[in-house]
Every structure is written in C-alpha cells, then in structure tokens.
Amino acid sequence: MEHPGKILIMVLVFLAVASANGQTICNMTVDGFMACKLSATPPNPSPPSGDCCAALSHANATCLCSYKKSYLLPSLGVDSNLAMQLPDKCKLPHPSQC
C-alpha cells in the first residue's frame, strides 16, 4: 500500500497537470471537481452550486463511483459519502451499482 503523503503528492501533481492541459476525470474537468468540493467537504458541506451540478450532469457517474473507496477523494479532503450524495442533491440520476 502506498504512503498517504505520497498519494497526496501524486494527486496534486496530476490535478495540476490535468488543469493545465484541460484534461478530465470521468468527463469532469478539474474546475468541475473544485466546484463540487465544498459540497463534499466535512464538517459543514454547502449545498451544491449550479456549476457543480452542471459538471456532474456531464460526468460519467459509473466512472465516478469507481473512486468511492479510493484514496483519491480523502487525499483531497473530500468525504466520499458526501460526494456520493451530490447527484441526488442535484436531482441527477444515480448509478444503481454505486
């Protein structure tokens, strides 16, 4: 198992490169992820913004579900349980196998 600090550094480098190159993760841009971050960060998450819901509406939800138990979300300060509630809060379909 990788050391959590090493994983965080790898994630931050990936996000910086992805942002600079306009790349996406599961059809969500880094800007889209950042728009949703406050809604999935404890202890007092805010309601999802219009930008967050718009980003989620274009995302590959099944792909996003694959990150549910990964170290990626917690390494960014995101609570995976809160993150998985965002589609419902945005009134978007939620994958049945997530």
Side-chain angles (χ1 to χ4, degrees):
M1 183 164 92
E2 296 283 332
H3 184 273
K6 186 176 180 181
I7 293 171
L8 176 60
I9 291 169
M10 291 182 338
V11 168
L12 292 175
V13 168
F14 172 77
L15 289 175
V17 170
S19 180
N21 292 333
Q23 294 179 358
T24 64
I25 301 168
C26 301
N27 294 338
M28 277 185 77
T29 64
V30 172
D31 290 340
F33 277 107
M34 297 315 290
C36 293
K37 185 176 178 186
L38 291 176
S39 301
T41 304
N44 298 309
S46 62
S49 66
D51 288 341
C52 172
C53 292
L56 282 173
S57 73
H58 298 293
N60 178 331
T62 303
C63 175
L64 290 174
C65 284
S66 69
Y67 289 94
K68 184 176 181 179
K69 293 184 180 181
S70 79
Y71 291 106
L72 176 66
L73 296 177
S75 70
L76 297 171
V78 172
D79 181 289
S80 62
N81 291 322
L82 292 172
M84 295 302 134
Q85 294 172 18
L86 292 177
D88 290 335
K89 291 181 178 183
C90 290
K91 298 179 179 31
L92 296 170
H94 200 280
S96 59
Q97 298 298 319
C98 187

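Note on L92: it does not cluster hydrophobically with L82, by side-chain heavy-atom contacts below 4.5 Å among ILVMFWY residues.
When all heavy atoms are compared, the tightest approach of Y67 to I25 is OH-CG2, 3.6 Å. Contact between A59 and N27 at its shortest, heavy atoms only, is CA-CB, 4.1 Å.
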Review item, side-chain donor-acceptor pairs of residues 51-58, under 3.5 Å, at least two apart:
unit_1, atom_1, unit_2, atom_2, d
S57, OG, A54, O, 2.6

Per-pair distances, 0.1 Å, donor-acceptor, side chain in residues 34-48, under 3.5 Å, sequence neighbours excluded:
unit_1, atom_1, unit_2, atom_2, d
K37, NZ, L76, O, 3.0
S39, OG, S46, O, 3.0
S39, OG, P47, O, 3.3
T41, OG1, K37, O, 2.5

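The closest side-chain heavy-atom distance from V78 to F33 is not below 4.5 Å.
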